[in-house]
Peer 1: 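Before I ask anything, here is the structure I am working with.
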Amino acid sequence: QVQLVESGGGLVQAGGSLKLSCAASGSIFSINTMGWYRQAPGKQRELVAVFTKSGSTNYADSVKGRFTLSRDNAKNTVYLQMNSLKPEDKGVYYCNADIAVRLYYAVDYWGKGTLVTVSS
């Protein structure tokens, strides 16, 4: 069993910054991919940023140049530094990870989400 716990959400003014954290814990053999999705009210969940299996980063076009994904492998934790926030960035941010709990057996996990509100 693996758990993903997000933190760092809150209220920020447009142009401000926020840093999200996601820590994975439990029976982790290895982490294949790990990143963030977000969902605004009435909209579909969308990919924000992710570490791929090769270790590269992928960003949504809407956040490129403003958001930065980083990781601490020793802590099984990823971070999302969000700068120059815009009102359209608001929503619930969900941590997502594809995690191998043993060799050749991986499971897709989701966190509960953390709310980000950006005031104009």
Side-chain angles (χ1 to χ4, degrees):
Q1 184 182 2
V2 172
Q3 301 83 41
L4 302 179
V5 179
E6 306 107 326
S7 63
L11 173 65
V12 65
Q13 292 187 18
S17 298
L18 215 54
K19 188 175 183 178
L20 307 182
S21 300
C22 175
S25 62
S27 301
I28 300 171
F29 181 78
S30 64
I31 298 175
N32 296 316
T33 66
M34 196 167 182
W36 294 89
Y37 288 72
R38 69 185 179 189
Q39 187 169 208
K43 299 181 66 177
Q44 286 198 295
R45 190 173 300 185
E46 64 177 349
L47 176 69
V48 177
V50 63
F51 280 110
T52 68
K53 291 182 179 181
S54 66
S56 299
T57 52
N58 290 163
Y59 295 93
D61 288 340
S62 60
V63 307
K64 287 181 180 177
R66 299 188 298 120
F67 291 10
T68 303
L69 192 66
S70 62
R71 67 186 358 163
D72 185 336
N73 290 330
K75 296 181 178 180
N76 291 325
T77 299
V78 295
Y79 307 92
L80 185 67
Q81 178 66 51
M82 305 185 293
N83 298 327
S84 302
L85 282 161
K86 304 174 180 179
E88 49 263 44
D89 293 319
K90 66 184 178 183
V92 179
Y93 283 67
Y94 297 92
C95 183
N96 171 258
D98 185 63
I99 296 175
V101 296
R102 57 178 168 85
L103 190 62
Y104 304 128
Y105 185 71
V107 180
D108 195 51
Y109 290 95
W110 291 90
K112 296 184 299 181
T114 185
L115 180 63
V116 172
T117 303
V118 184
S119 62
S120 58

Peer 1: Would a line drawn from the ring center of Phe67 to the ring center of Trp36 be shorter than 6.0 Å?
Peer 2: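 Aromatic pair excluded; centres sit 6.0 Å or further apart.
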Peer 1: Check step by step if side chain to side chain contact (heavy atoms under 4.5 Å, CB included) holds for Glu6 and Ser21.
Peer 2: CA-CA 6 Å; Glu6 306 107 326; Ser21 300; over 6 Å; no
Peer 1: With side chains defined as the heavy atoms from C-beta onward, is the minimum distance between Val63 and Met82 less than 4.5 Å?
Peer 2: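 No; the side chains remain at least 4.5 Å from each other.
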Peer 1: Applying side-chain contact (heavy atoms from CB on, under 4.5 Å), can you list everything that pairs with Ala40, at least two apart in sequence or on another chain?
Peer 2: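 Partners of Ala40 by the side-chain contact (heavy atoms from CB on, under 4.5 Å) criterion, ordered by chain and then number, come out as Lys43.
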Peer 1: Quick one: do Ser17 and Asn83 satisfy side chain to side chain donor-acceptor pair (under 3.5 Å)? Show the steps, please.
Peer 2: CA-CA 4 Å; Ser17 298; Asn83 298 327; 2.8 Å; yes
Peer 1: So how far is it from Cys95 SG to Tyr109 OH, rounded to the nearest 0.5 Å?
Peer 2: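 If I round to the nearest 0.5 Å, the distance is 13.0 Å.
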Peer 1: Quick check for you: to the nearest 0.5 Å, what is the distance between Leu20 atom CG and Ser7 atom OG?
Peer 2: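 So the gap between those two atoms works out to 8.0 Å.
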Peer 1: Passes side chain to side chain contact (heavy atoms under 4.5 Å, CB included), Thr52 versus Asn58? Steps please.
Peer 2: CA-CA 7 Å; Thr52 68; Asn58 290 163; 3.4 Å; yes
Peer 1: For the backbone of Asp108 and the side chain of Asn96, can you confirm whether one donor and one acceptor N or O come within less than 3.5 Å of each other?
Peer 2: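 No: the side chain of Asn96 does not pair with the backbone of Asp108.
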Peer 1: Report the C-alpha separation of Val101 and Ile28 in whole Å, then their side-chain angles, then the decisive distance to 0.1 Å, and conclude whether the side chain to side chain contact (heavy atoms under 4.5 Å, CB included) test is met.
Peer 2: CA-CA 5 Å; Val101 296; Ile28 300 171; over 6 Å; no
Peer 1: Any sub-3.5 Å donor-acceptor pair from Gln81's side-chain atoms to Lys19's backbone N or O?
Peer 2: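 Between the backbone of Lys19 and the side chain of Gln81 there is no qualifying donor-acceptor contact (under 3.5 Å).
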Peer 1: For residues Val107 and Tyr105, determine if any side-chain heavy atom of one lies less than 4.5 Å from a side-chain heavy atom of the other.
Peer 2: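 In short, these two side chains touch, coming nearer than 4.5 Å.
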Peer 1: Nearest 0.5 Å please: distance from the CG atom of Asn73 over to the OG atom of Ser30.
Peer 2: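 It comes to 11.0 Å.
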Peer 1: Rounded to the nearest 0.5 Å, what separation is found between the CG atom of Leu69 and the OG1 atom of Thr57?
Peer 2: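 That separation rounds to 6.5 Å.
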Peer 1: Does the pair Asp98 and Ile31 meet the rule for a side chain to side chain contact (heavy atoms under 4.5 Å, CB included), with working shown?
Peer 2: CA-CA 6 Å; Asp98 185 63; Ile31 298 175; over 6 Å; no
Peer 1: State yes or no: do Val12 and Leu80 share one hydrophobic cluster built from I, L, V, M, F, W and Y residues joined by side-chain heavy-atom distances below 4.5 Å, directly or via other members?
Peer 2: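 Same cluster.
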Peer 1: With a 3.5 Å distance limit and no angle check, can you tell me whether Tyr93 reaches the backbone of Val48 through a side-chain donor-acceptor pair?
Peer 2: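 Looks like no, no N/O pair under 3.5 Å.
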Peer 1: Salt bridge or not between Glu46 and Arg38? Use side-chain N to carboxylate O under 4.0 Å.
Peer 2: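 Salt bridge: yes.
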Peer 1: Could you check if a side-chain atom of Val116 sits within less than 4.5 angstrom of a side-chain atom of Leu18, using non-hydrogen atoms only?
Peer 2: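 Counting from C-beta outward, Val116 and Leu18 do come under 4.5 Å.
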Peer 1: Is a side-chain donor or acceptor of Thr114 paired with a backbone partner of Gly9 at a separation under 3.5 angstrom?
Peer 2: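 Yes, Thr114 side chain to Gly9 backbone: donor-acceptor pair under 3.5 Å.
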Peer 1: Counting distance only, does the side-chain N/O of Arg71 pair as donor-acceptor with the main-chain N or O of Thr77 below 3.5 Å?
Peer 2: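 Such a contact is absent between Arg71 side chain and Thr77 backbone.
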Peer 1: Would you say Val50 and Trp110 are hydrophobically clustered, going by side-chain heavy atoms of ILVMFWY under 4.5 Å?
Peer 2: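 Per the 4.5 Å side-chain linkage, Val50 and Trp110 are co-clustered.
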Peer 1: Nearest 0.5 angstrom please: Gln13 CD to Ser119 OG, how far?
Peer 2: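 Going from CD on Gln13 over to OG on Ser119, the span is 5.0 Å.
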Peer 1: Is Tyr59 close to Leu47 at the side-chain level, that is, under 4.5 Å between some pair of heavy atoms?
Peer 2: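 No, their side chains stay 4.5 Å or more apart.
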Peer 1: Looking at Ala24 and Leu4, what are the two nearest heavy atoms and their distance?
Peer 2: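 For Ala24 and Leu4, the tightest heavy-atom pair comes out as CB-CD2, 3.5 Å.
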Peer 1: Considering only heavy atoms from C-beta outward, does the side chain of Gln44 approach that of Tyr37 to under 4.5 Å?
Peer 2: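 No. Closest side-chain heavy atoms not under 4.5 Å.
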Peer 1: With the threshold set at 4.0 Å, does a side-chain nitrogen-carboxylate oxygen contact exist between Lys86 and Asp89?
Peer 2: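 No, Lys86 and Asp89 are not salt-bridged.
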Peer 1: What distance do Leu85 atom CG and Ser120 atom OG have between them, rounded to the nearest 0.5 Å?
Peer 2: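 One gets 13.0 Å once the value is rounded to the nearest 0.5 Å.
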